[in-house]
Amino acid sequence: MWGGRFAEGPSAIMREINASIPFDKALWRQDIAASKAHVAMLGAQGIVSAGDATEIAAGLDKVAAEYEANGVPENWDLEDIHMTTESRLAELIGSVAGRLHTARSRNDQVATDFRLWVREACIQADAALGALQVALVTRAGEHAASIMPGFTHLQTAQPVTLGHHLMAYYEMVARDRSRFADAHTRMSQCPLGSVALAGTGFPIDREMTAKALDFTGPTRNSLDAVSDRDFALDYLMAATQCALHLSRLAEELIIWASQPFGFVSLPDSLSTGSSIMPQKKNPDAAELVRGHSGRIAGCLTSLMITMKGLPLAYSKDMQDDKPPVFEAAGLLTLCLAAMTGMVEGATFRTARMRQAAELGYATATDLADWLVRQANIPFREAHHITGNAVKLAEQKGVALDQLTIKDLQLIDPRIDERVYAALSVEASVAARASYGGTAPEQVRLRIAEARLALGLE
Ligand code: ARG
């Protein structure tokens, strides 16, 4: 395709290091679509004859049908998907195929194809995230009032509801979806027609190709358009942030599924056994979601470092943009499907969770709050009094609400019988009815809003 000025062909090493066809063949649909948009425009503008344009478009359809039926052939001599397609087109329709590359370069071609691919990946991620949200909101609805210990520092802090805990992940996923949507919006301009780097002398119509490929319009600067990979980085950043969220939920499921916790039993279909210990059921899917988040972050790092310091405009380094994006997209799709399955299929052991919420003096803050409210004691002082009560309960090996009123009054005489009503875990969660708090009534309100937003109501 470019041999004119060369006295000898590339060495075996050159062919191997240069070939991107092993991975960029994944762009074949986008490449055909962009070529068809381009040739239709060349025809409309009279840059190639209407007859040639029709012949080329029909030839491209034939190539697409072959790819669909037999896959894309991998010939390193043809370097990439662009040359592979053009060369097959020439075999099928002869020298008229050579007119397709008028007013076009592989630089604007690959920028266009890859944008189309990443744009679709954003849409797919959004759909998968929507399905995860449906699973979260459904399970949260079942457990709006199921009590579990809430943790800080992984130490029992205050009782919360499982519904509230699951809805925390709903919020993270909502932000993930908005990041993919932002990324999608920012990649809505079409690079095609920027050509090698400087535009072209042919009277092309960039609005027409942009519209045909469902972009909002053409990119405004040809140098930027052929050398910009922000869109791929935007995607990888959104994917990485999303993977980090998934890894946190995965970690919690792993901890909850362990025997000392026993908060959850994960579906058999997403667990594995041990070849030696017959009793084992391991949360491998959750562990792999946690692990894959590292690889997805690695994909982002890879492309960031590839792009760092590249001069304008195109450099061949940029060919390395695709493997990390393809890898991250594949991993993310898998992780989202696994996580959605685990959330849907998890059996939450609510009796065990409630029991755990009783341990660790989770309602100590409620005692302090009661002292502030009922005895008008400043919070700092109430905190201190409550600390003494916890110390005593610990010595006696009982829960806070098992201390007698005598015990409590020895610690502070202002405490009376009414305090017991505040010390149950139910009273504790019900009391936290501030906006966004864990009280079942609040959780149900947030779930109702979420169901509306998801179109479930
Ligand atoms: N295979 C190349 C890539 O993926 C296409 C662009 C090559 N352009 C060039 N001038 N060599 O980036």
Side-chain angles (χ1 to χ4, degrees), residues 1-6 9-11 13-35 37-38 60 63 67 72-90 97-98 100-121 187 190-200 209 213 219 221-236 299 302-329:
M1 294 278 174
W2 39 253
R5 66 148 354 261
F6 285 80
S11 70
I13 293 295
M14 187 60 227
R15 287 205 328 258
E16 183 170 354
I17 199 171
N18 206 28
S20 57
I21 187 68
F23 52 86
D24 69 17
K25 62 184 185 177
L27 296 176
W28 74 261
R29 285 193 172 78
Q30 291 74 14
D31 198 61
I32 298 275
S35 287
H38 182 66
L60 286 166
V63 177
Y67 288 169
V72 179
E74 256 184 59
N75 176 355
W76 288 0
D77 289 328
L78 295 172
E79 284 186 37
D80 56 26
I81 184 60
H82 324 295
M83 305 241 270
T84 301
T85 300
E86 204 184 314
S87 125
R88 183 61 188 145
L89 184 68
L100 171 59
H101 214 52
T102 314
R104 186 177 79 166
S105 149
R106 279 186 291 156
N107 296 349
D108 61 341
Q109 207 180 343
V110 72
T112 304
D113 295 359
F114 197 28
R115 271 193 193 216
L116 289 170
W117 194 96
V118 177
R119 200 173 62 167
E120 186 56 35
M187 65 183 86
C190 184
L192 198 59
S194 301
V195 198
L197 74 166
T200 178
T209 43
L213 295 169
T219 50
N221 183 298
S222 60
L223 289 167
D224 176 48
V226 294
S227 64
D228 165 38
R229 293 296 180 271
D230 290 7
F231 63 92
L233 286 166
D234 276 349
Y235 172 81
L236 287 171
C299 292
S302 161
L303 185 54
M304 285 197 296
I305 308 236
T306 296
M307 293 308 294
K308 180 190 169 301
L310 286 186
L312 296 182
Y314 179 86
S315 297
K316 199 62 173 266
D317 316 40
M318 289 163 66
Q319 177 162 284
D320 282 342
D321 56 358
K322 286 167 271 320
V325 170
F326 293 162
E327 183 184 1

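Just follow the structure's listing: the first ligand is 1, and inside any ligand the first atom is 1. Since we're looking at a predicted model, the values are computed, not measured. FYI, the numbering just counts along the sequence from 1.
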Heavy-atom distance under 4.5 Å between the side chains of Asp31 and Tyr67, does that happen here?
no

What atoms of ligand 1 come closer than 4.0 angstrom to any heavy atom of Lys322?
3 (C), 4 (O), 12 (O)

Protein heavy-atom partner closest to atom 11 (N) of ligand 1 - residue, atom, separation in Å
Arg106 NH2, 3.5 Å

Here the gap from Met14 atom CE to Trp76 atom CH2, rounded to the nearest 0.5 Å, amounts to 12.5 Å

Verify, without hydrogens or angle tests, whether Asp24 (side chain) and Asp80 (backbone) share a donor-acceptor contact under 3.5 angstrom.
no

Main-chain N/O of Glu79 paired to Asn18 side chain as donor or acceptor, under 3.5 Å
no

Is Arg29 salt-bridged to Glu120, cutoff N-O under 4.0 Å?
no

By number and element, which atoms of ligand 1 are closer than 4.0 Å to a non-hydrogen atom of Ser20?
1 (N)

Could you tell me, atom by atom, which parts of ligand 1 come under 4.0 Å of a heavy atom of Asp80?
1 (N), 2 (C), 5 (C)

Among all protein heavy atoms, pick out the one at the shortest distance from atom 3 (C) of ligand 1; state its residue, atom name and that distance to 0.1 Å.
Tyr314 OH, 3.3 Å

Could you identify the single nearest non-hydrogen protein atom to atom 2 (C) of ligand 1 and state the distance to 0.1 Å?
Gln319 OE1, 3.2 Å

Looking at atom 9 (C) of ligand 1, what's its closest protein heavy atom, distance included?
Asn107 OD1, 3.4 Å

Can you find an N or O of Arg229 that's nearer than 3.5 Å to an N or O of ligand 1?
no

Hey, are Asp228 and Arg115 close enough for a salt bridge, meaning a charged N less than 4.0 Å from a carboxylate O?
yes

